[in-house]
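For reference, the structure is listed below as structure tokens.
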Number of protein chains: 2
Amino acid sequence: MTRESTTAKIGNTAYHGRRGRRGTGSVILADVAKLAGVAAITASRALNSPDRVSPDTLKRVRAAVARSGYVPNLMAGGLASSKSRLVAALVPTISGPVFLETIQALTEALEDSGYQLMLGQSGYIESREDALLDAIIGRRPDGIVLTGIMHSAAGRRRLLASGIPVVETWDLTPTPIDMLVGFSHERAGAAVAEFLHACGRRKLAIVTGDDHRAGLRRKGFVEAAARLGSRGARNREMPTCFTPAPTTLGSGRIGLATLLRQHPDLDAVFCSSDALALGVIIEAHARRIAVGKRLAVVGFGDLGFARDTHPALTTVRIDGTAIGQLAARLIVTRAAGGAVAQRIIDIGFSIVERASA
Amino acid sequence: MTRESTTAKIGNTAYHGRRGRRGTGSVILADVAKLAGVAAITASRALNSPDRVSPDTLKRVRAAVARSGYVPNLMAGGLASSKSRLVAALVPTISGPVFLETIQALTEALEDSGYQLMLGQSGYIESREDALLDAIIGRRPDGIVLTGIMHSAAGRRRLLASGIPVVETWDLTPTPIDMLVGFSHERAGAAVAEFLHACGRRKLAIVTGDDHRAGLRRKGFVEAAARLGSRGARNREMPTCFTPAPTTLGSGRIGLATLLRQHPDLDAVFCSSDALALGVIIEAHARRIAVGKRLAVVGFGDLGFARDTHPALTTVRIDGTAIGQLAARLIVTRAAGGAVAQRIIDIGFSIVERASA
DNA sequence: ACTCGCAATGGTAGCGCTACCATCCGCGCT
DNA sequence: AGCGCGGATGGTAGCGCTACCATTGCGAGT
């Protein structure tokens, strides 16, 4: 029994109503083809590679689509072509505006290339990360973007085994799973120490979150400070205040208060996020400490508000948008069968010098 | 020719190498079934409804899955069952932390129920919204969550026609497409005006973004102020400063400066976001205006930093997490074939009274 | 005139999975 | 003994689409 033997009704309800199976009852490609007076495969070509059909056919198929309100079933198409036009992004959490810019740029760049973003939040629980990985790999995305994720060894193996292009971002590990767009947190930390040193600051301190990447920045900062001979840093005795994730304005206030109790004479604070830095500035205000003069404050991230604090915040700028766009380009290239010239891209960073340091 | 007639190799590479089609070459259900010594359909049941197979079979199938590294192809499963286990969320943009909490909660709640979130950003371009809608509907998600989207009439129609459950959020329109979780922006604005009036404030002003929902809050605020007889508000002459999207700390600073130029005696400012409010506070600081005393400031959103500003920010709290969770529950219920008791849920709001007003 | 090539179209056979029905087996009942 | 019944399992036939190959028709090349 063929579809043609049923009524001419658009949609496959009639067919399934007669005998047998499920079906969504919506308009399918065969309906469009019949309306346009062509075979299904020709209708498919008209939609997916318009230059492979005659102009006349193309017009008729397009008209049929418009008339019937047909929306291609991408699950079926994906199954048949093993191309899902989906890209998955895995982040620890989207709150915490650090990765937002990257996700935003990624989504936009992908949409421009006809891809859709699937978002996964691993939280910080490893078992969840594994379950999530299954859910993601199960959809056979054309690419996976890992942002700020510390993946388990098991996770790495499954990703590798899946054969799906992977882009890691926001970090620069020597041994990426596949591709990578990031920068060196350690060098960023070192650069801040050198900058503060050049400003004449010698009594440095840190307010930092305790995630892995912040740790790397701290390491670079402390080592550079030691190398340059700043106070206390020689023996890794950098005054440090750790704050729990996520880093907030409130933690920054507490952080400065805590540091001042032990080291009332400190003259510079490097914060692992702009939110912390804003908190430090506000706490300094409350204590009538002149930020930028008696106390230098440096943030990290160059979030939108950094230019508008009082005084404006000196901070490390990471081009999150570029990271997202590059990640998208890498994946799109790979999905199109192309080879990428450079599997590891160092996007660098810059110190935006404003009034706070 | 059946799969069984080929070698016992795991994965369908051998089969497809021999003659014919594409195929991903990865482990498929039939491989698992063969390993476990059962039929494919039994393996499927073992994975999807474990209580419908014998404990022994279940164990053997699970072992086979573990041994082969099988990951179900959810596109194929979705096609066969017309259940995608995907939910799409449409937001104008994810930067701008307002909807973050909702998206976060939504993702988590869905993951707990075995659903995956697909994220779409419409930007503010209507043509893009339409293209996006096709990409989304094409994947046949089990639900669509609209957050802060003003959808075109055409968009409404397609959503309706698709038959997919839709939840609109963050607003309370009288005629939702399907389901709705939100609150009345107008009433929120009115409540702030009443609150400020009760605090003895009479010379009110507004700093606001110019999106639709902020407009509704402004309307409620202005009308309530007029009703209560605050200065100028009788004739809708509320001093107002509009700022371009997105609302930022910087816009808030400019906003207050602008208002003060025209109305140096104002004693209260209602801001359409906490970011604006923070900017207003910072500008007031810079001008040595005592916030909470000479000038009352009220924000909107109760973002994380609101409790930590100096002085702490009085603001309107919306439970974005609850919105996300409720939206998830509505969709999961519907997808499971259940009927929802209440198609329109008013989540309300509350004014968090702190030191700034 | 006859091949050759190419553009346009169509038929067929799956992609990997699950809904639907059929079968089988063992159990308690009449 | 024969019956029905429910639990476990299997076979088959698609879900809606596209890869692969075949076919057709027509103009150019020899």
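Side-chain atoms are counted along with the backbone in the values below, which use heavy atoms only and exclude waters and symmetry mates. Protein chains get the first letters and strands the later ones, always in sequence-line order, with residue 1 at the start of each.
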Sugar-phosphate, base or nothing in reach of A:Ala76, heavy atoms under 4.0 Å: base
Without decimals, in angstroms, what is the distance between [X] [atom1] and [N] [atom2]?
X	N	atom1	atom2	answer
A:Ile137	C:dG16	CD1	C1'	17 Å
A:Leu74	D:dC15	CG	P	18 Å
B:Arg52	C:dC21	CZ	C1'	13 Å
B:Lys83	C:dT18	NZ	C1'	10 Å
B:Leu47	C:dC17	CG	P	9 Å
B:Tyr70	C:dG16	OH	C1'	7 Å
A:Arg85	D:dC17	CZ	P	16 Å
A:Lys34	C:dT9	NZ	P	20 Å

Full working for salt bridge (charged side-chain N to carboxylate O under 4.0 Å, His left out) between A:Arg128 and B:Asp112: CA-CA 10 Å; A:Arg128 194 191 190 105; B:Asp112 289 344; 3.4 Å; yes
OP1 or OP2 of [N] sitting under 4.0 Å from any side-chain N/O of [X]?
X	N	value
A:Thr42	C:dA8	no
A:Asn48	D:dT18	yes
A:Thr57	C:dT9	yes
B:Ser81	D:dC15	no
A:Ser44	D:dC17	no

Note, A:Val167 side chain near A:Ile144 side chain (heavy atom, < 4.5 Å): no
Side chain of [X]: nearest nucleotide among [options]?
X	options	result
A:Ala80	C:dT18, D:dT18, D:dC15	D:dT18
A:Ile41	C:dC17, D:dC20, D:dC17	D:dC20
B:Leu79	C:dA8, D:dG16, D:dG10	D:dG16

Donor-acceptor pair present, B:Arg140 side chain and D:dG16 base, under 3.5 Å: no
Side chains of B:Gln104 and B:Thr321, donor plus acceptor under 3.5 Å: no
A:Asp142 side chain to A:Ser84 backbone, donor-acceptor under 3.5 Å: yes
Comparing A:Met75 and A:Arg45 on DNA chain D - which has the more 5′ nearest nucleotide: A:Met75
Spacing of B:Arg139 atom CZ and B:Leu86 atom CG [to the nearest 0.5 Å]: 8.0 Å
